[in-house]
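Structure first, then comments.
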Amino acid sequence: MSKSLLISGVLLLLAVSGCNITKPSEKALSHLSTSYAVDDIGYCYGHGCQHKGQVSLSEGQWLEIQKLFKARKLSPAEERQAITVAIGRIEHIAGQQNGTDKDKAGTFLGDVGDRQLDCIDEAVNASNFISLMERDGLLKYHELREPQLRSWVSGNILHATAVLEQVAGKENNAVKMWSVDSSFFRNGENATVSPLDQWQTGWVPEGGVN
């Protein structure tokens, strides 16, 4: 069988079976934790949590994260936006401490080597960062859920995201499940938030890279 036929066969298999995949592998999910402390956070990189690092936030750095939520009373939408900013700030610190500060937008290795993060790394890390916020009582309207995958949409075979469920507060729409995706932009930039149903259709933010 030619290489092109083999690749086509693999892509067809993924296209047919991918619609049944709703979350990352158990191996990737094993890196999720509800026991991390702000000075000892597990951190994935190298594609699919191939490598495991650590993030350590000082009291001052965590205080800056807390201020995003405590400086004023937030609406549910503002709380989601604060989460995206917090993820970007923690990711910046993680990049400095783990050599992933050159992480590019998107998920390809490119010239960054194993210091590049893919969407699985990003979804697990974002989930762990959000877990810290949740356990510190910073979230009033949302609860963290397991990461989810989308497959074979807009030319993507697989793509992962952290997930929030809105459990309190009223808004003018019926959206309850939200994607929080930190893979579309380079290290340290804000994560994006979008309705999970919209994200599942292949949504990419303006200027973002899959």
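Computed from a prediction, not measured in an experiment: that's the story for all the values here. Values below: every heavy atom of this structure, side chains too, minus hydrogens, waters and symmetry copies.
Between the side chain of Arg89 and the backbone N or O of Ile65 there is no donor-acceptor pair closer than 3.5 Å. Judged purely by atom type and a 3.5 angstrom limit, Ser179 has no side-chain atom pairing as donor or acceptor with the backbone of Leu196. Not a single donor-acceptor pair under 3.5 Å links the side chain of Gln116 to the backbone N or O of His47. Of the possible donor and acceptor atoms, one in the side chain of Gln166 sits under 3.5 Å from a partner among the backbone N and O of Ala168. One N or O on the side chain of Asp103 and one on the backbone of Leu117 form a donor-acceptor pair closer than 3.5 Å. The backbone N or O of Cys49 lies less than 3.5 Å from a partner atom in the side chain of Asp121, making a donor-acceptor pair. Judged by distance alone, with hydrogens and angles left aside, the side-chain atoms of Asn128 form a donor-acceptor pair with the main-chain N or O of Ser33 at under 3.5 Å. Tyr141 places a side-chain N or O within donor-acceptor distance of the main-chain N or O of Leu74, the cut-off being under 3.5 Å. With Ser131 contributing its side chain and Ser127 its backbone, the two residues share no donor-acceptor pair below 3.5 Å.
In this structure, Leu139 CG and Phe69 CZ are separated by 5.5 Å, a value rounded to the nearest 0.5 Å. With rounding to the nearest 0.5 Å, the separation of OG1 in Thr100 from NE2 in His92 is 10.5 Å. Distance CG/Asn125 to OG/Ser183: 11.5 Å, rounded to 0.5 Å. Taking CE from Met177 and CD from Gln148, the interatomic distance works out to 6.0 Å, rounded to the nearest 0.5 Å. In this structure, Leu144 CG and Leu32 CG are separated by 8.0 Å, a value rounded to the nearest 0.5 Å. The structure places CG of Asp136 at 11.0 Å from CD of Glu134, a figure rounded to the nearest 0.5 Å.
Between His159 and Phe184, the angle of the ring planes stays under 30°, which puts this pair in the parallel group of the 30/60° scheme.
Ile90 has its side chain within reach of Trp62: a pair of non-hydrogen atoms, C-beta onward, lies under 4.5 Å apart. Trp203 has its side chain out of reach of Asp181: every pair of non-hydrogen atoms, C-beta onward, lies at least 4.5 Å apart. Counting heavy atoms from C-beta on, the side chains of Leu138 and Glu79 never come closer than 4.5 Å.
Within a 6.0 Å radius of CZ in Arg186, no more than 12 heavy atoms belonging to other residues, nucleotides or ligands are found.
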Q | Pair Leu29-Glu146, side chain to side chain contact (heavy atoms under 4.5 Å, CB included): steps then yes or no | A | CA-CA 8 Å; Leu29 292 177; Glu146 278 194 343; 4.1 Å; yes
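Looking at Ile93, Val38, Val55 one by one, the single match for side-chain contact (heavy atoms from CB on, under 4.5 Å) with Gln61 turns out to be Ile93. Of the residues listed (Asp39, Asp40, Asn98), the one engaging Gln54 in a side-chain hydrogen bond (donor to acceptor under 3.5 Å, both in side chains) is Asp40, and it is the only one.
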